[in-house]
Amino acid sequence: MIIDLKGKKALVTGASRGIGKMCAIALARAGADVTVGYHRKEQEAADTVRQVAECGQEATAFSADVADAAQVENLVQHHQEVHGRLDILVNNAGVAGEGLIGSLSDSDWDHVQSVNLRGAFVCTRSVLPLMMPQGTGKIINIASVVAMTSASGQAGYAASKGGLVAFTRAGAVELAAKGIQVNAILPGLISTDMSAKAQRRYRDRMLARIPAGRFGKAEEVAQMVVYLASSAADYITGQSIVIDGGLSVA
Ligand code: NAP
């Protein structure tokens with residue numbers, strides 16, 4: 001199957017690093033122009049823009065905290081001014097936020113929910129005025145396998161990702177008649193900055209839980225994003241697609 005995203009315009013949040021960066025590059029390889037959303041890492045975002053341009057596609061970077069609705073409005077307005085339309089939204093920006101329930105502060109809890117869950121809601125709400133008149137659109141939420149199988153110290157993060165899975169289903173039902181598909185990807189342990197510390201500390205214990213015997217690569221998540229963003233996936237909506245080397249079924 002050859003996936004062609006020529007003429008498509010994508011917005012990827014958290015595209016300065018890790019999974020989001022690979023999503024932006026993979027979408028560009030398939031022919032899409034990309035807005036690279038990021039929070040603070042300007043140099044890394046500029047590098048993503050450079051790599052998208054090397055694929056022959058247009059890209060600009062724009063800083064916005066996804067937890068801040070006004071900043072997200074500016075991000076979407078920037079995208080519209082540059083690209084004129086929006087076909088693909090990848091809600092990827094996220095933070096880890098570990099802590100045992102007994103010692104997790106209100107502010108730590110709220111921060112994880114506001115970036116991982118409210119951020120996806122706010123971004124989705126902001127792009128609907130662009131997608132709905134078109135009668136087409138793809139929204140892809142990067143959740144986590146911890147929405148299904150959690151671990152100690154991940155209550156806040158797991159709750160945010162479980163909420164994102166529920167939000168995906170609700171959004172799919174609400175937006176299907178408008179020609180907009182909403183799906184979630186649930187990665188397992190993927191090698192990025194976010195998982196680096198845990199991988200260093202618990203490498204052997206973590207690997208022992210993964211039937212594939214290795215951590216996943218950001219590219220492996222990005223390939224699924226490209227598929228879900230394409231017309232080949234027009235009849236797929238509300239789904240949670242797990243990419244975890246078998247972790248959740250072992
Ligand atoms: P990462 O390497 O830590 O990158 C996080 C990205 O999110 C960065 O681009 C960062 O921007 C951006 N970001 C963080 N807070 C933000 C905010 N408030 N507003 C806007 N952008 C913000 O993480 P990753 O591993 O690629 O994770 C990407 C997504 O996959 C996350 O939603 C994560 O929960 C999910 N996930 C990851 C794994 C894994 O094992 N890595 C597993 C399951 C799910 P700056 O660079 O500007 O700071």
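Read the numbers this way: they start at 1 and go in the same order the structure lists the ligands and their atoms.
- Every pair passing side chain to side chain donor-acceptor pair (under 3.5 Å) that includes a residue from residues 5-30 is listed here, sequence neighbours excluded: Lys9-Asp33, Arg17-Asp193, Lys21-Asp47, Lys21-Thr48.
- As a member of the Ile/Leu/Val/Met/Phe/Trp/Tyr network built from side-chain separations under 4.5 Å, Met22 groups with Ile25.
- A heavy-atom cutoff of 4.0 Å around ligand 1 is satisfied by the protein residues Gly14, Ala15, Ser16, Arg17, Gly18, Ile19, Tyr38, His39, Arg40, Lys41, Ala64, Asp65, Val66, Asn92, Ala93, Gly94, Val95, Val115, Ile142, Ala143, Ser144, Tyr157, Lys161, Pro187, Gly188, Leu189, Ile190, Thr192, Asp193, Met194, Ser195.
- One side chain, Thr124 or Asn91, offers a donor N or O that lies under 3.5 Å from an acceptor on the other.
- Between the side chains of Gln77 and Glu81, at least one donor N or O lies within less than 3.5 Å of an accepting N or O.
- A side-chain N or O of Asp244 and one of Ser248 form a donor-acceptor pair less than 3.5 Å apart.
- With sequence neighbours left out, His78 forms a ring-ring contact (aromatic ring centres under 6.0 Å, His included) with Phe62.
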